[in-house]
Amino acid sequence: MNFQSIIQRTRAYLCLDCGKCTGSCPLARVDLEYSPRRIVERVLFGEAEAVMADPHLWSCMTCGLCSARCPSGVDFTRFIVEMRAEAFQAGERGIYAHNGILQELMRIQAMNVHQDRTSWLTDDMQVSDSGEYFYFVGCLPFFDVIFADLGVKTLDIARNAVRLLNRVGIAPIVSNEERCCGADLRLVGDMDSFRRLAELNVETIKASGATKVIFTCAECYNAFKTDYPAYVGQLPFETMHLTELLAERIEAGELAFEPLPGLVTYHDPCRMARYLKVHEPPRTVITSVPELELVEMEDNRERAMCCGSTAWVNCSGYSKLIQKEKLRQARETGARVMLTTCPKCQIHLSCAARDLDAEQVVEVKDVISWVGQAVRREGGV
(Lines give C-alpha, C1' and ligand atoms only; values in the text may rest on other atoms or scores of the structure.)
Protein backbone atom coordinates (compact mmCIF):
# COMPACT_ATOMS: atom_id res chain seq x y z
CA MET A 1 0.00 0.00 0.00
CA ASN A 2 1.43 3.34 -1.07
CA PHE A 3 0.47 5.66 1.77
CA GLN A 4 3.16 8.14 0.74
CA SER A 5 1.22 8.91 -2.45
CA ILE A 6 -1.88 9.70 -0.37
CA ILE A 7 0.21 12.00 1.80
CA GLN A 8 1.55 13.76 -1.30
CA ARG A 9 -1.80 14.12 -3.10
CA THR A 10 -3.55 15.54 -0.07
CA ARG A 11 -0.64 17.72 1.11
CA ALA A 12 -0.77 16.03 4.50
CA TYR A 13 3.00 16.46 4.77
CA LEU A 14 2.38 20.19 5.26
CA CYS A 15 0.47 19.67 8.52
CA LEU A 16 1.71 22.23 11.06
CA ASP A 17 0.20 20.49 14.08
CA CYS A 18 -1.74 23.71 14.76
CA GLY A 19 -4.97 21.92 15.61
CA LYS A 20 -7.33 24.16 13.60
CA CYS A 21 -8.83 21.07 11.96
CA THR A 22 -9.66 19.46 15.28
CA GLY A 23 -10.87 22.77 16.71
CA SER A 24 -13.19 23.21 13.71
CA CYS A 25 -14.50 19.64 13.61
CA PRO A 26 -18.11 19.23 14.81
CA LEU A 27 -17.42 15.61 15.76
CA ALA A 28 -14.32 16.48 17.82
CA ARG A 29 -16.47 18.81 19.93
CA VAL A 30 -18.65 15.93 21.11
CA ASP A 31 -16.30 12.93 20.82
CA LEU A 32 -13.14 13.91 22.67
CA GLU A 33 -11.29 10.87 21.33
CA TYR A 34 -11.69 12.02 17.73
CA SER A 35 -9.11 14.32 16.15
CA PRO A 36 -8.37 14.95 12.46
CA ARG A 37 -4.92 16.18 13.41
CA ARG A 38 -4.15 12.97 15.29
CA ILE A 39 -5.25 10.82 12.36
CA VAL A 40 -2.92 12.70 10.00
CA GLU A 41 -0.04 12.52 12.48
CA ARG A 42 -0.42 8.78 12.94
CA VAL A 43 -0.16 8.20 9.20
CA LEU A 44 2.81 10.57 8.91
CA PHE A 45 4.58 8.68 11.68
CA GLY A 46 4.09 5.29 10.05
CA GLU A 47 0.92 4.07 11.76
CA ALA A 48 -1.21 3.89 8.61
CA GLU A 49 -2.07 0.22 9.10
CA ALA A 50 -3.35 0.94 12.61
CA VAL A 51 -5.39 3.90 11.32
CA MET A 52 -7.09 1.64 8.76
CA ALA A 53 -8.22 -0.66 11.58
CA ASP A 54 -9.39 2.23 13.78
CA PRO A 55 -13.21 2.72 13.84
CA HIS A 56 -12.63 6.49 13.91
CA LEU A 57 -11.52 6.33 10.27
CA TRP A 58 -15.19 5.88 9.33
CA SER A 59 -16.57 8.56 11.67
CA CYS A 60 -15.45 11.63 9.72
CA MET A 61 -18.50 13.30 8.15
CA THR A 62 -16.39 14.75 5.29
CA CYS A 63 -18.13 18.06 5.96
CA GLY A 64 -15.04 19.98 4.83
CA LEU A 65 -14.81 22.51 7.65
CA CYS A 66 -11.30 21.32 8.55
CA SER A 67 -10.04 21.57 4.96
CA ALA A 68 -11.62 25.01 4.55
CA ARG A 69 -9.82 26.34 7.63
CA CYS A 70 -6.44 24.57 7.31
CA PRO A 71 -3.71 27.24 6.96
CA SER A 72 -1.49 24.77 5.07
CA GLY A 73 -4.12 23.65 2.58
CA VAL A 74 -4.19 20.02 3.73
CA ASP A 75 -7.13 18.31 2.04
CA PHE A 76 -8.25 16.23 4.98
CA THR A 77 -11.53 15.14 3.42
CA ARG A 78 -9.70 13.66 0.43
CA PHE A 79 -7.14 12.18 2.82
CA ILE A 80 -9.89 10.37 4.72
CA VAL A 81 -11.63 9.12 1.57
CA GLU A 82 -8.38 7.76 0.11
CA MET A 83 -7.45 6.09 3.42
CA ARG A 84 -10.90 4.50 3.48
CA ALA A 85 -10.35 3.18 -0.04
CA GLU A 86 -7.16 1.47 1.13
CA ALA A 87 -8.94 0.13 4.20
CA PHE A 88 -11.85 -1.15 2.10
CA GLN A 89 -9.43 -3.05 -0.13
CA ALA A 90 -7.91 -4.55 3.02
CA GLY A 91 -11.33 -5.79 4.16
CA GLU A 92 -12.06 -3.12 6.75
CA ARG A 93 -15.55 -1.61 7.01
CA GLY A 94 -17.34 1.03 9.03
CA ILE A 95 -20.60 0.32 10.83
CA TYR A 96 -23.33 0.64 8.20
CA ALA A 97 -26.57 2.25 9.37
CA HIS A 98 -29.94 0.65 8.59
CA ASN A 99 -28.32 -2.80 8.37
CA GLY A 100 -26.39 -1.78 5.26
CA ILE A 101 -29.50 -1.74 3.05
CA LEU A 102 -28.52 1.57 1.43
CA GLN A 103 -25.02 0.40 0.50
CA GLU A 104 -26.41 -2.82 -0.97
CA LEU A 105 -29.07 -0.90 -2.87
CA MET A 106 -26.34 1.20 -4.45
CA ARG A 107 -24.28 -1.86 -5.39
CA ILE A 108 -27.31 -3.54 -6.93
CA GLN A 109 -27.78 -0.50 -9.15
CA ALA A 110 -24.20 -0.93 -10.36
CA MET A 111 -25.28 -4.25 -11.89
CA ASN A 112 -27.37 -4.99 -14.99
CA VAL A 113 -30.83 -4.46 -13.51
CA HIS A 114 -34.20 -3.34 -14.83
CA GLN A 115 -35.72 -0.50 -12.84
CA ASP A 116 -39.08 1.24 -12.67
CA ARG A 117 -37.91 4.59 -11.38
CA THR A 118 -40.55 6.84 -12.97
CA SER A 119 -43.89 5.51 -11.72
CA TRP A 120 -44.17 8.56 -9.42
CA LEU A 121 -44.81 10.81 -12.43
CA THR A 122 -48.41 12.00 -12.77
CA ASP A 123 -50.50 13.05 -15.76
CA ASP A 124 -50.11 16.76 -15.03
CA MET A 125 -46.32 16.57 -15.46
CA GLN A 126 -44.67 17.18 -18.83
CA VAL A 127 -41.56 15.07 -19.46
CA SER A 128 -39.65 14.17 -22.62
CA ASP A 129 -37.78 11.23 -24.12
CA SER A 130 -35.18 13.59 -25.56
CA GLY A 131 -34.20 17.21 -25.28
CA GLU A 132 -31.81 19.68 -23.69
CA TYR A 133 -32.53 19.03 -20.01
CA PHE A 134 -32.16 15.81 -18.01
CA TYR A 135 -33.53 15.73 -14.46
CA PHE A 136 -31.37 13.43 -12.32
CA VAL A 137 -33.72 12.14 -9.63
CA GLY A 138 -31.16 10.09 -7.69
CA CYS A 139 -32.32 7.85 -4.86
CA LEU A 140 -35.48 9.81 -4.00
CA PRO A 141 -37.81 6.91 -5.02
CA PHE A 142 -35.94 4.59 -2.67
CA PHE A 143 -35.65 7.07 0.22
CA ASP A 144 -39.40 7.61 0.04
CA VAL A 145 -39.93 3.94 0.93
CA ILE A 146 -37.04 3.33 3.32
CA PHE A 147 -37.72 6.39 5.46
CA ALA A 148 -41.51 6.40 5.34
CA ASP A 149 -41.61 6.12 9.14
CA LEU A 150 -39.99 9.57 9.42
CA GLY A 151 -42.75 11.18 7.40
CA VAL A 152 -40.10 12.44 4.96
CA LYS A 153 -41.71 12.37 1.52
CA THR A 154 -38.71 12.71 -0.72
CA LEU A 155 -40.73 12.11 -3.90
CA ASP A 156 -42.46 15.41 -3.19
CA ILE A 157 -39.11 16.96 -4.12
CA ALA A 158 -39.09 15.18 -7.49
CA ARG A 159 -42.74 15.97 -8.28
CA ASN A 160 -42.34 19.64 -7.44
CA ALA A 161 -39.08 19.77 -9.38
CA VAL A 162 -40.80 18.60 -12.56
CA ARG A 163 -43.70 21.00 -12.04
CA LEU A 164 -41.34 23.93 -11.49
CA LEU A 165 -39.37 23.00 -14.58
CA ASN A 166 -42.60 22.79 -16.54
CA ARG A 167 -43.55 26.24 -15.23
CA VAL A 168 -40.43 27.74 -16.84
CA GLY A 169 -41.05 25.91 -20.11
CA ILE A 170 -38.88 22.84 -19.61
CA ALA A 171 -40.14 19.28 -20.09
CA PRO A 172 -37.13 17.36 -18.72
CA ILE A 173 -35.97 13.88 -19.56
CA VAL A 174 -36.66 11.54 -16.63
CA SER A 175 -35.14 8.11 -17.15
CA ASN A 176 -35.64 4.60 -15.80
CA GLU A 177 -32.01 3.94 -16.73
CA GLU A 178 -30.32 6.35 -14.33
CA ARG A 179 -28.68 4.90 -11.21
CA CYS A 180 -27.64 6.10 -7.77
CA CYS A 181 -24.87 8.67 -8.17
CA GLY A 182 -22.65 6.47 -6.00
CA ALA A 183 -21.31 9.27 -3.79
CA ASP A 184 -21.85 7.28 -0.61
CA LEU A 185 -19.99 4.25 -1.97
CA ARG A 186 -17.01 6.46 -2.72
CA LEU A 187 -17.16 7.82 0.83
CA VAL A 188 -17.04 4.29 2.31
CA GLY A 189 -14.12 3.29 0.09
CA ASP A 190 -15.88 1.18 -2.54
CA MET A 191 -14.27 2.87 -5.53
CA ASP A 192 -14.98 0.10 -8.04
CA SER A 193 -18.75 0.31 -7.53
CA PHE A 194 -18.61 4.10 -7.58
CA ARG A 195 -16.74 4.07 -10.88
CA ARG A 196 -19.28 1.67 -12.41
CA LEU A 197 -22.21 3.86 -11.35
CA ALA A 198 -20.48 6.93 -12.74
CA GLU A 199 -19.94 5.18 -16.08
CA LEU A 200 -23.55 3.97 -16.28
CA ASN A 201 -24.99 7.39 -15.45
CA VAL A 202 -22.82 9.25 -17.92
CA GLU A 203 -23.66 6.69 -20.64
CA THR A 204 -27.39 7.08 -19.95
CA ILE A 205 -27.35 10.88 -20.04
CA LYS A 206 -25.11 11.01 -23.09
CA ALA A 207 -27.42 8.59 -24.95
CA SER A 208 -30.40 10.82 -24.15
CA GLY A 209 -28.83 13.72 -26.01
CA ALA A 210 -29.23 16.07 -23.06
CA THR A 211 -26.71 18.86 -22.69
CA LYS A 212 -27.76 20.07 -19.24
CA VAL A 213 -28.39 17.95 -16.12
CA ILE A 214 -30.50 19.33 -13.26
CA PHE A 215 -30.17 18.08 -9.68
CA THR A 216 -32.26 18.47 -6.54
CA CYS A 217 -29.75 16.59 -4.34
CA ALA A 218 -26.62 18.43 -3.24
CA GLU A 219 -24.59 15.21 -3.01
CA CYS A 220 -25.61 13.99 -6.47
CA TYR A 221 -24.69 17.40 -7.86
CA ASN A 222 -21.29 17.36 -6.19
CA ALA A 223 -20.62 13.76 -7.26
CA PHE A 224 -21.14 14.65 -10.91
CA LYS A 225 -19.43 18.03 -10.86
CA THR A 226 -16.48 17.26 -8.59
CA ASP A 227 -15.91 13.49 -8.47
CA TYR A 228 -17.05 12.04 -11.80
CA PRO A 229 -14.43 13.79 -13.98
CA ALA A 230 -11.63 12.01 -12.08
CA TYR A 231 -13.16 8.64 -12.98
CA VAL A 232 -14.79 9.08 -16.38
CA GLY A 233 -13.11 12.19 -17.79
CA GLN A 234 -14.67 15.52 -18.75
CA LEU A 235 -18.45 15.36 -18.70
CA PRO A 236 -20.20 15.87 -22.07
CA PHE A 237 -22.91 18.01 -20.45
CA GLU A 238 -23.39 20.90 -18.03
CA THR A 239 -24.55 20.39 -14.44
CA MET A 240 -26.56 22.66 -12.14
CA HIS A 241 -28.74 22.50 -9.06
CA LEU A 242 -32.38 23.31 -9.70
CA THR A 243 -32.21 26.32 -7.39
CA GLU A 244 -29.50 27.78 -9.63
CA LEU A 245 -31.71 27.46 -12.70
CA LEU A 246 -34.77 28.83 -10.88
CA ALA A 247 -32.79 31.77 -9.50
CA GLU A 248 -31.77 32.67 -13.06
CA ARG A 249 -35.38 32.49 -14.26
CA ILE A 250 -36.64 34.51 -11.29
CA GLU A 251 -34.08 37.26 -11.92
CA ALA A 252 -35.08 37.26 -15.61
CA GLY A 253 -38.73 37.77 -14.62
CA GLU A 254 -39.79 34.36 -15.96
CA LEU A 255 -40.99 32.83 -12.69
CA ALA A 256 -43.06 34.18 -9.82
CA PHE A 257 -44.88 32.72 -6.85
CA GLU A 258 -48.11 33.19 -4.96
CA PRO A 259 -47.81 34.38 -1.33
CA LEU A 260 -46.78 31.72 1.17
CA PRO A 261 -46.77 33.38 4.62
CA GLY A 262 -44.25 32.11 7.12
CA LEU A 263 -40.84 32.34 8.76
CA VAL A 264 -38.16 29.85 7.67
CA THR A 265 -34.43 29.32 8.04
CA TYR A 266 -32.07 27.63 5.60
CA HIS A 267 -29.56 24.84 6.21
CA ASP A 268 -26.58 24.90 3.85
CA PRO A 269 -25.59 21.33 2.91
CA CYS A 270 -21.83 20.81 3.04
CA ARG A 271 -21.63 19.82 -0.63
CA MET A 272 -23.42 22.99 -1.73
CA ALA A 273 -21.85 25.45 0.72
CA ARG A 274 -18.22 24.36 1.04
CA TYR A 275 -17.58 21.99 -1.85
CA LEU A 276 -19.40 23.86 -4.64
CA LYS A 277 -19.63 27.36 -3.12
CA VAL A 278 -23.34 27.62 -3.97
CA HIS A 279 -24.85 29.88 -1.31
CA GLU A 280 -27.15 32.43 -2.85
CA PRO A 281 -29.39 30.63 -5.40
CA PRO A 282 -31.42 28.75 -2.74
CA ARG A 283 -31.82 32.01 -0.83
CA THR A 284 -32.90 33.82 -3.99
CA VAL A 285 -35.60 31.21 -4.55
CA ILE A 286 -36.82 31.37 -0.95
CA THR A 287 -36.91 35.16 -0.71
CA SER A 288 -38.70 35.50 -4.04
CA VAL A 289 -41.83 33.95 -2.52
CA PRO A 290 -44.10 36.75 -1.26
CA GLU A 291 -44.65 36.80 2.52
CA LEU A 292 -42.06 34.02 3.07
CA GLU A 293 -39.40 35.44 5.37
CA LEU A 294 -35.91 33.94 5.61
CA VAL A 295 -33.93 34.33 8.83
CA GLU A 296 -30.35 33.08 9.02
CA MET A 297 -28.88 30.76 11.60
CA GLU A 298 -25.79 31.74 13.60
CA ASP A 299 -23.59 29.56 11.37
CA ASN A 300 -24.45 29.80 7.70
CA ARG A 301 -22.98 29.55 4.22
CA GLU A 302 -19.35 28.28 4.44
CA ARG A 303 -19.51 28.33 8.24
CA ALA A 304 -22.63 26.16 8.39
CA MET A 305 -22.60 23.10 10.60
CA CYS A 306 -23.29 19.84 8.81
CA CYS A 307 -26.23 17.49 9.38
CA GLY A 308 -24.14 15.15 11.54
CA SER A 309 -23.87 12.08 9.35
CA THR A 310 -22.75 10.99 5.92
CA ALA A 311 -22.64 7.88 3.71
CA TRP A 312 -24.97 6.00 6.07
CA VAL A 313 -21.96 4.86 8.11
CA ASN A 314 -20.97 5.20 11.79
CA CYS A 315 -24.15 7.05 12.73
CA SER A 316 -23.96 7.23 16.52
CA GLY A 317 -24.99 9.10 19.61
CA TYR A 318 -22.38 11.66 18.66
CA SER A 319 -24.17 12.20 15.37
CA LYS A 320 -27.37 12.90 17.27
CA LEU A 321 -25.63 15.48 19.46
CA ILE A 322 -24.44 17.35 16.35
CA GLN A 323 -27.87 17.15 14.76
CA LYS A 324 -29.59 18.45 17.89
CA GLU A 325 -27.15 21.37 18.01
CA LYS A 326 -28.09 22.16 14.42
CA LEU A 327 -31.78 22.02 15.30
CA ARG A 328 -31.11 24.25 18.32
CA GLN A 329 -29.55 26.87 16.06
CA ALA A 330 -32.59 26.67 13.81
CA ARG A 331 -35.01 27.09 16.75
CA GLU A 332 -33.14 30.14 18.00
CA THR A 333 -33.99 31.98 14.78
CA GLY A 334 -37.66 31.84 15.72
CA ALA A 335 -38.47 29.73 12.66
CA ARG A 336 -40.25 26.43 12.98
CA VAL A 337 -39.36 25.29 9.48
CA MET A 338 -35.80 24.66 8.29
CA LEU A 339 -35.37 24.34 4.53
CA THR A 340 -32.49 22.59 2.81
CA THR A 341 -31.36 21.44 -0.64
CA CYS A 342 -30.19 17.95 0.33
CA PRO A 343 -32.64 15.08 0.93
CA LYS A 344 -30.08 13.29 3.09
CA CYS A 345 -29.79 16.31 5.39
CA GLN A 346 -33.58 16.35 5.57
CA ILE A 347 -33.62 12.66 6.55
CA HIS A 348 -30.84 12.89 9.15
CA LEU A 349 -32.20 16.01 10.84
CA SER A 350 -35.80 14.76 10.75
CA CYS A 351 -34.62 11.59 12.49
CA ALA A 352 -32.99 13.59 15.28
CA ALA A 353 -36.06 15.83 15.62
CA ARG A 354 -38.10 12.83 16.75
CA ASP A 355 -36.28 12.91 20.07
CA LEU A 356 -37.20 16.53 20.82
CA ASP A 357 -40.12 17.86 22.84
CA ALA A 358 -42.99 19.29 20.82
CA GLU A 359 -42.09 22.89 21.63
CA GLN A 360 -38.52 22.32 20.44
CA VAL A 361 -39.31 20.70 17.12
CA VAL A 362 -38.22 22.29 13.86
CA GLU A 363 -39.78 20.80 10.75
CA VAL A 364 -37.15 20.01 8.11
CA LYS A 365 -38.29 20.43 4.50
CA ASP A 366 -36.72 20.69 1.07
CA VAL A 367 -36.64 24.09 -0.63
CA ILE A 368 -38.15 22.71 -3.83
CA SER A 369 -41.01 20.98 -2.00
CA TRP A 370 -41.74 24.10 0.05
CA VAL A 371 -41.76 26.73 -2.68
CA GLY A 372 -43.54 24.30 -5.00
CA GLN A 373 -46.63 24.99 -2.92
CA ALA A 374 -46.53 28.61 -4.07
CA VAL A 375 -45.81 28.26 -7.77
CA ARG A 376 -47.99 30.54 -9.86
CA ARG A 377 -49.42 28.19 -12.44
CA GLU A 378 -51.46 30.48 -14.68
CA GLY A 379 -51.57 33.98 -16.00
CA GLY A 380 -47.87 34.74 -16.36
CA VAL A 381 -45.65 36.43 -13.79
About how many Å separate [atom2] of [Y] and [atom1] of [X], when rounded to the nearest 0.5 Å?
{"X": "Ile146", "Y": "His98", "atom1": "CD1", "atom2": "NE2", "answer": "8.5 Å"}
{"X": "Leu292", "Y": "Gln373", "atom1": "CG", "atom2": "CD", "answer": "9.5 Å"}
{"X": "Thr118", "Y": "Ile173", "atom1": "OG1", "atom2": "CD1", "answer": "13.0 Å"}

Quick check: do [X] and [Y] have side-chain heavy atoms less than 4.5 Å from each other?
{"X": "Asn166", "Y": "Pro172", "value": "yes"}
{"X": "Asn160", "Y": "Ile157", "value": "no"}
{"X": "Lys277", "Y": "Met272", "value": "no"}
{"X": "Arg283", "Y": "Tyr266", "value": "yes"}
{"X": "His348", "Y": "Ser309", "value": "yes"}
{"X": "Arg69", "Y": "Cys21", "value": "no"}
{"X": "Cys181", "Y": "Leu197", "value": "no"}
{"X": "Val264", "Y": "Glu293", "value": "no"}

Could you tell me whether the side chain of [X] and the main chain of [Y] form a donor-acceptor pair under 3.5 Å?
{"X": "Ser350", "Y": "Ile347", "answer": "no"}
{"X": "Gln126", "Y": "Ala171", "answer": "no"}
{"X": "Arg303", "Y": "Glu298", "answer": "yes"}
{"X": "Asp268", "Y": "Glu302", "answer": "no"}
{"X": "Arg274", "Y": "Cys63", "answer": "yes"}
{"X": "Ser35", "Y": "Arg38", "answer": "yes"}
{"X": "Gln103", "Y": "Ala311", "answer": "yes"}
{"X": "Glu82", "Y": "Phe79", "answer": "no"}
{"X": "Lys326", "Y": "Gly308", "answer": "no"}
{"X": "Thr154", "Y": "Asp144", "answer": "yes"}

Let me check something: do [X] and [Y] share a hydrophobic cluster, defined by ILVMFWY side-chain heavy atoms less than 4.5 Å apart, either directly or through other members?
{"X": "Met106", "Y": "Leu200", "answer": "no"}
{"X": "Ile95", "Y": "Leu57", "answer": "no"}
{"X": "Leu276", "Y": "Leu65", "answer": "no"}

Let me see the working for His241 and Lys225 under side chain to side chain contact (heavy atoms under 4.5 Å, CB included), right down to the final yes or no.
-> CA-CA 10 Å; His241 193 272; Lys225 196 174 187 70; over 6 Å; no
Which ILVMFWY residues are connected to Leu263, directly or by a chain of links, through side-chain heavy atoms under 4.5 Å apart?
-> Val295
Quick one: name the residues clustered hydrophobically with Val113, using the 4.5 Å side-chain heavy-atom rule over I, L, V, M, F, W, Y, and just say none if it's on its own.
-> Ile108, Met111
Can we say [X] and [Y] salt-bridge, meaning some charged N sits less than 4.0 Å from an Asp/Glu carboxylate O?
{"X": "Glu219", "Y": "Lys344", "answer": "yes"}
{"X": "Arg42", "Y": "Asp54", "answer": "yes"}
{"X": "Asp124", "Y": "Arg159", "answer": "no"}
{"X": "Glu86", "Y": "Arg84", "answer": "no"}
{"X": "Glu296", "Y": "Arg301", "answer": "yes"}
{"X": "Lys320", "Y": "Asp355", "answer": "no"}
{"X": "Glu325", "Y": "Arg328", "answer": "yes"}
{"X": "Asp75", "Y": "Arg11", "answer": "no"}

Give the intermediate values and the outcome of side chain to side chain contact (heavy atoms under 4.5 Å, CB included) for residues Lys365 and Ser369.
-> CA-CA 7 Å; Lys365 294 290 186 180; Ser369 293; 5.7 Å; no
Out of Leu242, Leu255, Ile368, Val367, which one pairs with Val285 under the side chain to side chain contact (heavy atoms under 4.5 Å, CB included) rule?
-> Val367
In terms of heavy-atom contacts, does [atom1] of [X] have more than 12 from other residues, nucleotides or ligands at under 6.0 Å?
{"X": "Asp149", "atom1": "CG", "result": "yes"}
{"X": "Lys324", "atom1": "NZ", "result": "yes"}
{"X": "Asp116", "atom1": "CG", "result": "yes"}

Apply the test side chain to side chain contact (heavy atoms under 4.5 Å, CB included) to residues Phe134 and Val174: give CA-CA distance (whole Å), side-chain angles for both, the deciding distance (0.1 Å), then the verdict.
-> CA-CA 6 Å; Phe134 188 108; Val174 181; over 6 Å; no
Distance-only donor-acceptor hits, side chain of residues 209-216, under 3.5 Å, sequence neighbours excluded:
{"from": "Lys212", "atom 1": "NZ", "to": "Glu132", "atom 2": "OE2", "distance (Å)": "3.2"}
{"from": "Thr216", "atom 1": "OG1", "to": "Tyr135", "atom 2": "OH", "distance (Å)": "2.8"}

Check: [X]/[Y] side-chain N/O donor and acceptor closer than 3.5 Å:
{"X": "Asp190", "Y": "Ser193", "answer": "yes"}
{"X": "Gln329", "Y": "Asp299", "answer": "yes"}
{"X": "Arg271", "Y": "Thr341", "answer": "no"}
{"X": "His267", "Y": "Asn300", "answer": "no"}
{"X": "Tyr96", "Y": "Asn314", "answer": "no"}
{"X": "Arg117", "Y": "Gln109", "answer": "yes"}

Given the side-chain rings of [X] and [Y], with only the six-membered ring counted for Trp, is the space between their centroids under 6.0 Å?
{"X": "Phe237", "Y": "Tyr133", "value": "no"}
{"X": "Phe147", "Y": "Trp312", "value": "yes"}
{"X": "Trp58", "Y": "Tyr34", "value": "no"}

Could you check Phe136 against Phe224 for ring-ring contact (aromatic ring centres under 6.0 Å, His included), going step by step and ending with a plain yes or no?
-> CA-CA 10 Å; Phe136 190 85; Phe224 273 74; 4.9 Å; yes
Going through the distances and angles, do Val278 and Glu244 end up as a side chain to side chain contact (heavy atoms under 4.5 Å, CB included)?
-> CA-CA 8 Å; Val278 178; Glu244 292 179 295; 3.6 Å; yes
Considering residues at least two apart in sequence or located in another chain, which fulfil the side-chain contact (heavy atoms from CB on, under 4.5 Å) criterion with [X]?
{"X": "Arg195", "value": "Asp192, Glu199, Tyr231"}
{"X": "Ser72", "value": "Leu14, Leu16, Cys70, Val74"}
{"X": "Asp17", "value": "Arg37, Glu41"}

Between Arg93 and Phe88, is NZ or CZ placed under 6.0 angstrom from the six-membered ring centre and within 45° of the ring axis?
-> yes
